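The structure appears below as structure tokens.
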Amino acid sequence: MKKIILDLAVTLDGFIEGPNGEIDWCIMEEGEGNDFIHFLNGIDTIFYGRVSYDMWGNWQPDETMSKTIREAYAIIHQQKKYVFSSTRKSDEGQATFISSDIARHVQEIRQQPGKDIWLYGGGKLIHTFMKLGLVDIFRLAVHPVLLGAGKPLFSGIKERVGLELANVKTSPAGVAMMTYVRK
């Protein structure tokens with residue numbers, strides 16, 4: 001069965017965006033062996049919330065962007081995309097929209113053959129997946145910055161979730177990639 005992997009960048013004080021939605025603190029490291037490119041090659045499906053999909057689901061980097069970002073988005077745009085939304089139902093075939101019975105749809109998708117699933121987010125979708133117990137792996141790139149305010153990663157979690165540390169890597173830029181699996 002496919003695993004659902006929450007993979008995202010977070011600040012040391014636990015924010016996924018600054019107070020105005022900024023992500024300029026996020027470091028994308030260049031070079032061979034880029035861990036994010038390796039991660040993208042291990043998935044074939046992406047789960048988006050509607051707001052995140054509208055912002056990033058079809059975004060295209062231009063030629064001034066780094067080689068790594070262009071390579072990442074080339075891989076991202078080859079993946080099967082699902083958008084969880086109660087307000088929007090389609091976008092001309094770019095993604096499949098799911099508006100109800102999330103747990104059943106997710107289980108059906110997990111049963112399909114192939115690679116793992118990236119839970120891209122945003123915050124509301126992450127909260128829903130946490131509440132339903134659907135996140136198998138937490139892969140967090142902790143960036144060396146404190147924002148003091150913004151959108152927290154785990155807001156509204158009401159129950160304890162046991163995790164086991166599976167891996168820790170650090171980068172030359174000071175990013176700590178921590179991977180936890182759900183107990």
Side-chain angles (χ1 to χ4, degrees), residues 3-29 35-36 39-40 43 45-61 65-66 68-69 72-73 76-77 79 81-88 91 94-95 97-100 102-103 105-106 116-163 165 168-171 173-182:
K3 296 202 179 308
I4 297 174
I5 304 168
L6 172 61
D7 177 271
L8 62 123
V10 61
T11 64
L12 185 58
D13 54 350
F15 295 104
I16 58 174
E17 294 178 0
N20 299 307
E22 63 270 29
I23 58 169
D24 58 340
W25 50 267
C26 190
I27 300 165
M28 178 63 76
E29 299 198 52
D35 196 54
F36 186 57
F39 165 74
L40 290 175
I43 64 159
T45 304
I46 304 173
F47 288 163
Y48 291 94
R50 189 212 29 96
V51 173
S52 293
Y53 181 74
D54 287 348
M55 289 178 62
W56 300 104
N58 293 305
W59 183 79
Q60 294 289 340
M65 305 298 282
S66 73
T68 300
I69 290 174
Y73 273 89
I76 287 169
H77 292 314
Q79 310 305 322
K81 297 176 182 181
Y82 292 89
V83 180
F84 296 82
S85 174
S86 60
T87 59
R88 192 164 156 204
D91 75 339
Q94 300 293 318
F97 282 70
I98 297 172
S99 60
S100 64
I102 291 173
H105 286 289
V106 167
D116 289 329
I117 300 166
W118 178 15
L119 173 56
Y120 184 97
K124 289 180 186 176
L125 186 64
I126 292 168
H127 176 76
T128 298
F129 272 61
M130 291 289 299
K131 184 177 174 183
L132 294 172
L134 295 173
V135 181
D136 301 303
I137 299 171
F138 298 78
R139 188 174 180 276
L140 306 175
V142 181
H143 288 251
V145 63
L146 301 169
L147 294 182
K151 183 184 286 185
L153 172 56
F154 295 119
S155 65
I157 302 301
K158 304 281 189 220
E159 295 180 26
R160 183 180 299 192
V161 177
L163 303 173
L165 183 64
V168 176
K169 290 182 191 177
T170 57
S171 76
V175 175
M177 177 58 70
M178 298 187 297
T179 304
Y180 292 90
V181 294
R182 189 181 193 111

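We use all heavy atoms of the structure for the numbers below, so side chains are in, but hydrogens, waters and symmetry mates are not. Just so it is clear, the structure is predicted and the values come from calculations on it, not from any experiment.
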Worksheet entry | Those residues that, when tested against S171, pass side-chain contact (heavy atoms from CB on, under 4.5 Å) (two or more places apart) | E29, A173, V175
Worksheet item: Does P61 have any side-chain contact (heavy atoms from CB on, under 4.5 Å) partners at least two apart in sequence or in another chain, and if so, which?
Response: W59, M65, I69, R70, Y73
Can you give each donor-acceptor pair under 3.5 Å made by side-chain atoms of residues 137-145, sequence neighbours left out, with the distance rounded to 0.1 Å?
| unit_1 | atom_1 | unit_2 | atom_2 | d |
| --- | --- | --- | --- | --- |
| R139 | NH1 | D7 | OD2 | 2.2 |
| R139 | NH2 | D35 | O | 3.2 |
| R139 | NH2 | D35 | OD2 | 2.2 |
| H143 | ND1 | I27 | N | 3.2 |

Any side-chain heavy atom of [X] within less than 4.5 Å of one from [Y]?
X	Y	answer
Y120	W56	yes
F129	V106	yes
K81	N58	yes
Y180	V161	no

Discussion item. Counting the benzene-type ring for Trp, do F39 and W118 have ring centres under 6.0 Å apart?
Written reply: yes
Discussion item. So does L146 get a backbone contact from the side chain of D13, meaning a donor-acceptor N/O pair under 3.5 Å?
Written reply: no
Discussion item. Can a donor-acceptor pair be found, under 3.5 Å and without considering hydrogens, that links the side chain of D136 to the backbone of I4?
Written reply: yes
So, taking the atom named [atom1] in [X] and the one named [atom2] in [Y], what distance separates them when rounded to the nearest 0.5 Å?
X	Y	atom1	atom2	value
H127	L132	NE2	CG	9.0 Å
D54	S85	CG	OG	8.0 Å
T179	L165	OG1	CG	8.0 Å
T45	L119	OG1	CG	12.0 Å
F84	T128	CZ	OG1	9.5 Å
R50	K124	CZ	NZ	8.0 Å

Worksheet item: Just wondering, more than 12 heavy atoms not from E159 lying within 6.0 Å of its CD?
Response: no
Item to complete: Identify the two heavy atoms, one from G21 and one from E17, that lie closest to each other, and give their separation to 0.1 Å.
Response: CA-OE1, 3.5 Å
Worksheet item: Any idea which heavy atoms bring S99 and S86 closest together, and the distance?
Response: CB-CA, 4.5 Å
Item to complete: For the pair L125 and Y53, evaluate side chain to side chain contact (heavy atoms under 4.5 Å, CB included) and give the outcome as yes or no after the intermediate values.
Response: CA-CA 11 Å; L125 186 64; Y53 181 74; over 6 Å; no
